[in-house]
Amino acid sequence: MTLTLAMPARTRRHVLGLALALAACLPAAHALADYPSHPIRLIVPFATAGVTDTSARLVAEKLGQELGQTVIVENKPGAAGNIGTQMVAQAEPDGYTLLLGYDGTLVINPNVYAKVPFDPVKSFAPIGKIGDAILLIAANPKLGVKDLKGLLEYARSTPQGVSYGSAGTGSTTHLAGEMLRQRTGIPMTHVPYKGGGQALIDVVGGTLPVTFAAVTGAMPFVKGKQIDAIAVTSAERAPSLPEVPTLMESGVKDFEINSWVGLLAPARTPRPVIDKLNGALQKVLNDPAMKERLAQLGIVATPGTPEAYGQEIVRDLAKNKEIVKAANIKLD
C-alpha cells in the first residue's frame, strides 16, 4: 500500500489540491518568463498626428527594441479619449494591451464629465510616466506686459479684466487659466478654441491678449518676438526657455500644472510584467537621443517608477477636482 493511500481522506484531498494549484501556476510562471512572446498593442485614445500619437510611436519603436517584440500603435479616438481608454481598462491583464495615458483623459475627464467608463486609479496599473509637456503664458506684445506682475496689474486695472484662450473647455490649458485666476484673484475670461494652435495665432495677431500654450508650439513666436513669454507653469524652468521664470518663482505659491503622457496597463497585470515594461521604458527614456527627440516634441522626459507615476495621477486628480469645482466646469 502506498503512502498516499495510507493517508486520511482529508489529507489526500489537501495534497491533491496543492498539486493542482502548483500545476496551474507553472504555465503562468512560464508565460511570465517568456514575456513578451508576441507583439504588444499600444492604444492611443486620440487620432493620428497629434503629440500623443507622435510620442507614442517614438517610444513604441524603441520600447519594442528593448523588449524584443514589436509594439504596435493603434489609434482609437473618440469621446475626448474615453473610448480608447475604456478599451484598455477592459482588456486582458496580460501585458499585451497597453495605454498611452494622457492627463486630459485620466485626471481631467473624470472631474469634468458626469461619468466616464473607467476608474483612472482602479482600472489601471501604472507602468511609468514618459514626460511633461510644459505650458507657458503667452501675451501679445502690444499688451505691454513682460512678466506676471505686469499681467496682474493689467488685469486689475482693466474693467473687464483679461481674456485668455485655451485648447477648449476642460483642457489642461483651460484649467491652467482657472488655476491662475483662483490663486491670484484677478478677473479673467475664458475663451475656448477647438485647439491651442488657433488661440496662439490669435494672440500673435492681436485679437486675443493672452493664452496658455505648449512651449514647443509657442517657441517660434517667442524667438520672433511676436509674443511675450510671461511664465511657465512647471515646477522648474523649461530647458528650451531657461530665461522664462516659473509661476512659482513669479510669486504664485504651489503652482504647477503640466500636460503629460505615460504608459499604463490594465489593472491586475502581473507585477513581473509591469517591472519588465518599466525597466525597458527607463532605458528608452534615459537614452540622450530619445530625450532630444522628445524635447523636439515639447516633452521633457521623466523616467521614474510605476509608484511615482501612480502617485502623480492620484495627486493630479485631487488638484484638478478642486479647480474644476471652483470654476464649475462641466461637460456632457
Side-chain angles (χ1 to χ4, degrees), residues 17-46 52-76 81 83-102 105-106 118-131 260-287 289-291 293-294 299 301-314:
L18 288 175
L20 291 173
L22 178 60
C25 288
L26 289 176
H30 179 70
L32 289 176
D34 287 349
Y35 176 83
S37 60
H38 57 267
I40 297 169
R41 302 163 67 209
L42 175 55
I43 305 300
V44 176
F46 298 97
T52 51
D53 175 68
T54 307
S55 60
R57 293 179 186 278
L58 185 60
V59 170
E61 179 185 0
K62 297 300 182 181
L63 193 65
Q65 293 174 10
E66 289 291 336
L67 294 170
Q69 285 289 347
T70 304
V71 178
I72 302 168
V73 174
E74 295 184 14
N75 298 87
K76 301 293 182 181
I83 291 176
T85 303
Q86 180 186 18
M87 285 182 59
V88 179
Q90 297 174 342
E92 190 71 22
D94 55 9
Y96 290 99
T97 303
L98 308 179
L99 173 69
L100 191 286
Y102 172 61
T105 308
L106 292 174
F118 56 85
D119 186 298
V121 176
K122 296 179 181 179
S123 297
F124 303 101
I127 295 167
K129 188 176 171 185
I130 293 172
W260 49 250
V261 287
L263 291 183
L264 303 100
R268 299 180 301 283
T269 298
R271 182 64 196 216
V273 170
I274 296 296
D275 288 341
K276 190 163 188 177
L277 289 165
N278 178 265
L281 180 61
Q282 300 319 298
K283 290 181 180 179
V284 170
L285 296 179
N286 281 306
D287 180 4
M290 175 58 71
K291 288 184 177 181
R293 294 183 70 182
L294 285 171
I299 297 173
T302 55
T305 65
E307 288 75 18
Y309 184 30
Q311 289 165 7
E312 183 165 356
I313 290 172
V314 172

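Everything quoted here is computed from the prediction, not taken from an experiment.
Taking all atoms of both residues into account, the shortest heavy-atom contact from Gly131 to Thr302 is CA-OG1, 3.3 Å. Closest heavy-atom contact between Pro266 and Ala125: O-CB, 3.8 Å. Nearest heavy atom pair, residue Tyr309 against residue Val261, reads OH-C, 4.3 Å. The heavy-atom pair separating Ala301 from Leu294 by the smallest distance is CB-CD1, 4.0 Å. Considering every non-hydrogen atom in both Pro93 and Pro270, the closest pair reads O-CD, 3.3 Å. For the residue pair Pro126 and Pro306, the shortest heavy atom distance occurs at O-CB, 3.2 Å.
Interatomic distance, CD1 of Ile299 versus CD1 of Ile130, reported as 7.5 Å (0.5 Å rounding). Interatomic distance, Ile127 CD1 to Gln282 CD, rounded to the nearest 0.5 Å: 11.0 Å. Atom CG in Leu285 sits 8.0 Å away from atom CG in Leu263 (nearest 0.5 Å). Ile72 CD1 to Ile43 CD1: the interatomic distance, rounded to the nearest 0.5 Å, is 10.0 Å. Expressed to the nearest 0.5 Å, how far OG1 of Thr97 lies from CD of Gln90 amounts to 12.0 Å. Atom OG1 of Thr269 and atom CG of Leu277 lie 8.5 Å apart (nearest 0.5 Å).
A donor-acceptor pair under 3.5 Å is formed between the side chain of Asn278 and the backbone N or O of Gly304. At distances below 3.5 Å, at least one donor-acceptor pair connects side-chain atoms of Ser55 with backbone N or O atoms of Thr52. In this structure, the side chain of Tyr35 engages the main chain of Gly95 through a donor-acceptor pair within 3.5 Å. Using a distance-only test at 3.5 Å, with no hydrogens or angles considered, no donor-acceptor pair links the side chain of Lys129 to the main chain of Trp260.
Using a 4.5 Å cut-off on side-chain heavy atoms (C-beta onward), Leu58 and Met290 make contact. Within the 4.5 Å cutoff, no side-chain heavy atoms of Pro45 are placed close to those of Met87.
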Val71/Lys62 under side chain to side chain contact (heavy atoms under 4.5 Å, CB included): CA gap, chis, key distance, verdict: CA-CA 9 Å; Val71 178; Lys62 297 300 182 181; over 6 Å; no

Chi angles and distances behind the side chain to side chain contact (heavy atoms under 4.5 Å, CB included) call for Phe118, Leu106: CA-CA 9 Å; Phe118 56 85; Leu106 292 174; 4.2 Å; yes

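Around NZ of Lys283, the count of heavy atoms belonging to other residues, nucleotides or ligands within 6.0 Å does not exceed 12.
For Arg57, the side-chain contact (heavy atoms from CB on, under 4.5 Å) partners at least two apart in sequence or on another chain are Thr48, Asp53, Val73, Asn75.
Across Ile313, Val88, Leu98, Leu100, a single residue satisfies side chain to side chain contact (heavy atoms under 4.5 Å, CB included) together with Leu264, and that is Ile313.
Ring geometry, His38 versus Tyr96: the interplanar angle falls under 30°, so the pair is classed parallel (tilted spans 30 to 60°).
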